[in-house]
Amino acid sequence: MNDISPKLVAGRLVARAHWHPLEFLFWAAAFASIWLLPGKYLILTEIAWLGLFALSLDLILGYAGIVSLGHAAFFGFGAYCAALLAKHEIINEPVLALIVSGVAAMLLGFVTSFLVLRGSDLTRIMVTLGVALLLRELANRMGWLTGGADGLQGVEMKPILGLWRFDMFGHNGYVYCLIVLFLLFLLARRIVYSPFGLSLQAIKDNPLRASAVGINVNLRLVAIYTIAAGYAGIAGALLAQTSAFASLAVFDFERSADLLLVLIIGGTGYLYGGLIGALIFKILQDWLSHLTPQYWPFWIGLLLVVIVLVGRERIGSWTLPFRTLANRFDWRRKESFGGGQA
Amino acid sequence: MLTILFDGIAYGMLLFVLACGLAVTLGLMNFVNLAHGAFAMAGGYVTVVTVNRYGVPFFAALLLAFFVSALLGLIMERTLYRRVYGKPHLDQVLFTIGLVFMAVTMVDYVMGSSQVFVQLPAWLQGQDVFFGVGIGRYRLLIIVICGLLTIALQLILSKTRFGSRLRAAVDDARVAGGLGINVNRVFAVTFAFGSGLAGLGGALGAEILGLDPIFPLKYMIYFLIVVTVGGTSSITGPFLASLLLGIGDVAGKYYVPTLGSFVIYTIMIVVLIWRPQGLFARGTAR
């Protein structure tokens with residue numbers, strides 16, 4: 001194994017991009033939940049859009065290393081877009097409205113991405129936080145459009161693709177969210193294992209070195225930030241469409257903060273972190289808010305403090321036994337060595 | 001017009017006292033403390049409880065607020081914060097957000113979620129008119145106290161031995177440590193003092209800013225604006241920044257109420273893009 005030829009490296013990288021058996025299991029379980037958990041559609045729907053939202057943060061935090069404390073800006077923007085499109089009957093078809101909202105959030109992400117290029121972590125935190133607060137204030141002041149502090153009421157959703165309407169049990173809504181999540185996940189998976197995604201990880205590890213080997217750091221950061229903004233916007237639009245409502249809460253600081261927690265619980269930088277984190281976070285939140293309806297943020301705060309004090313890496317390692325177990329059944333390992341000898 | 005200026009100055013000075021502790025922690029340890037407002041809230045509630053329930057004189061309560069918050073800061077620094085110094089900014093942000101959530105719910109649990117007010121002594125209420133300018137007595141008091149504090153801080157920082165140690169540690173902690181300065185202790189004392197000042201600011205500001213459990217979240221962005229716009233390398237930077245912010249916010253809300261806090265956030269983002277080190281930072285890059 002001493003000579004590391006480009007061919008060997010390429011073989012390894014391609015092998016890494018193959019599907020892991022656990023991933024099949026994960027999605028099989030996710031889709032099985034449609035039939036296995038019929039009474040839980042509402043919370044499952046929340047998990048689906050929260051997972052997508054966390055996935056979006058993972059793209060910039062876990063892969064590009066941008067710390068954002070204002071990711072709710074894009075989420076809220078997407079939510080208001082979708083709600084407004086439906087309310088004023090500009091685009092009646094939810095899927096099309098979803099795409100439009102995502103593109104709108106991408107545009108916003110593109111414009112604001114230039115703000116996060118400069119400065120340190122702190123500057124980025126401040127700027128992202130500032131953008132989210134700015135949008136919240138804007139939504140608050142433009143009451144004629146957004147309904148102000150009361151939220152945007154009277155939104156009526158038309159059937160998905162003209163065929164399936166949002167039923168009161170949330171069945172169709174959940175299936176819709178899950179499919180959107182799955183498709184966007186496939187896209188994200190494709191992105192992060194592409195040369196583009198690998199270059200992002202190089203930037204995260206060392207921006208200076210990355211630019212020295214010829215990666216245009218700023219351009220790549222703008223690109224991934226824009227993509228992530230689109231993901232967040234679609235997540236927000238899913239929330240607005242399934243709940244037929246949008247309020248100022250979509251821009252709240254707590255939402256961005258909770259999102260960080262979601263991602264940290266699941267772990268950053270392997271795409272499933274956001275989804276697993278969303279699952280754990282929602283179940284935890286549901287349980288805690290049953291126990292103490294008013295004071296559950298205390299336990300969330302305590303969890304954050306404990307996670308940091310124990311160390312994020314050690315928290316993430318609880319999945320290790322599962323991963324080693326799964327690696328035994330991993331058929332990709334042979335291929336990776338095979339690629340090396342060819 | 002002059003009344004607005006006056007109110008703005010009072011507001012700005014208050015913000016300075018609230019935020020200057022944060023400026024030092026950020027400059028000294030490069031530590032992002034989003035929970036700074038929690039100490040201010042502690043001071044505010046100490047004043048409210050002692051004045052309203054136990055009839056402690058207002059000024060004694062202010063002193064008490066300072067010491068309780070400082071003690072709280074010292075304990076937190078020694079037990080929790082020091083474990084997080086070396087960690088990445090992301091960890092610090094998560095950690096302090098967690099603390100804010102806990103502080104907010106704990107105060108909510110103990111004190112209730114409604115807004116509380118301090119019962120001011122009668123002679124501090126009302127307004128006097130000097131040369132046609134309406135001047136609130138309480139705001140005048142704030143300006144006097146905060147002005148004196150600012151001068152005292154400046155003197156401590158520039159004239160005393162501790163001040164020069166602190167400045168040395170801010171400039172370069174490693175070299176300062178090499179010269180025999182106990183940077184950790186300097187930092188612990190500064191952290192406690194900064195928390196105490198925040199507590200005092202919270203106590204003074206309970207009347208103007210309003211005090212409820214979400215205080216740390218509501219004003220977090222203001223503290224951060226002061227620090228980022230003013231820079232962390234001196235005390236004059238944050239001071240000027242808070243005055244600007246105070247006057248800008250009061251005037252903005254008075255003249256263009258439809259825009260609300262919009263102006264402030266925009267200014268902050270523009271400044272951050274224009275000069276990431278802060279508006280009044282010295283030229284040296286750190």
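Model, not experiment: these values are computed from the prediction. Scope of the values below: all heavy atoms of this structure, side chains included, with no hydrogens, waters or symmetry mates. Chain letters run A, B, ... following the sequence lines, proteins first, then strands; residues in each count from 1.
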Which one wins on heavy-atom pair count under 4.5 Å against chain A: B:I97, B:V84, B:L99?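 Among the listed options, the one with the most contacts to chain A is B:I97.
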Checking A:V67 against B:H89 for the side-chain contact (heavy atoms from CB on, under 4.5 Å) test, could you report, in this order, the C-alpha distance in whole Å, the side-chain angles of both residues, the deciding distance, and whether it holds? CA-CA 8 Å; A:V67 182; B:H89 276 140; 5.6 Å; no
Using the side-chain contact (heavy atoms from CB on, under 4.5 Å) definition, which of the options A:I125, A:L69, A:L260 pairs with B:L90?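 Going through A:I125, A:L69, A:L260 one by one, the side-chain contact (heavy atoms from CB on, under 4.5 Å) with B:L90 is satisfied by A:L260 alone.
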Please say which of A:L133, A:L135, A:V131 ends up in a side-chain contact (heavy atoms from CB on, under 4.5 Å) with B:Y265. A:L133
For atom [atom1] of [X], decide whether the heavy atoms of other residues, nucleotides or ligands shown that lie under 6.0 angstrom number more than 12.
X: A:L208; atom1: CG; answer: no
X: A:F114; atom1: CZ; answer: yes
X: A:W296; atom1: CH2; answer: yes
X: B:Y254; atom1: OH; answer: no
X: A:R209; atom1: CZ; answer: no

Report which part of B:T266 has an atom under 4.5 Å of a heavy atom belonging to chain A: side chain, backbone, both, or neither.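 Both backbone and side chain.
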If I compare all heavy atoms of [X] with all of [Y], which pair ends up nearest, and what's the gap?
X: B:I225; Y: A:M126; value: N-CE, 4.1 Å
X: B:M102; Y: A:F298; value: CG-O, 3.5 Å
X: B:K87; Y: A:V308; value: NZ-O, 2.6 Å
X: B:L80; Y: A:L309; value: CD2-CD1, 3.6 Å
X: A:P297; Y: B:F101; value: O-CB, 3.7 Å

Under 4.5 Å between any side-chain heavy atoms of [X] and [Y], yes or no?
X: B:T105; Y: A:T292; result: no
X: A:I264; Y: B:L94; result: yes
X: B:L217; Y: A:E254; result: yes

Separation of B:I221 CD1 from A:L129 CG (nearest 0.5 Å): 4.0 Å
Out of curiosity, B:I214 CD1 to A:F253 CZ, how far, rounded to the nearest 0.5 Å?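 Result: 12.5 Å between the selected atoms.
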Please look at A:Y295 and chain B and tell me whether the side chain, the backbone, both or neither of the residue comes under 4.5 angstrom of a heavy atom of that chain. both
Turns out that what part of A:D252 lies under 4.5 Å from chain B's heavy atoms comes down to neither
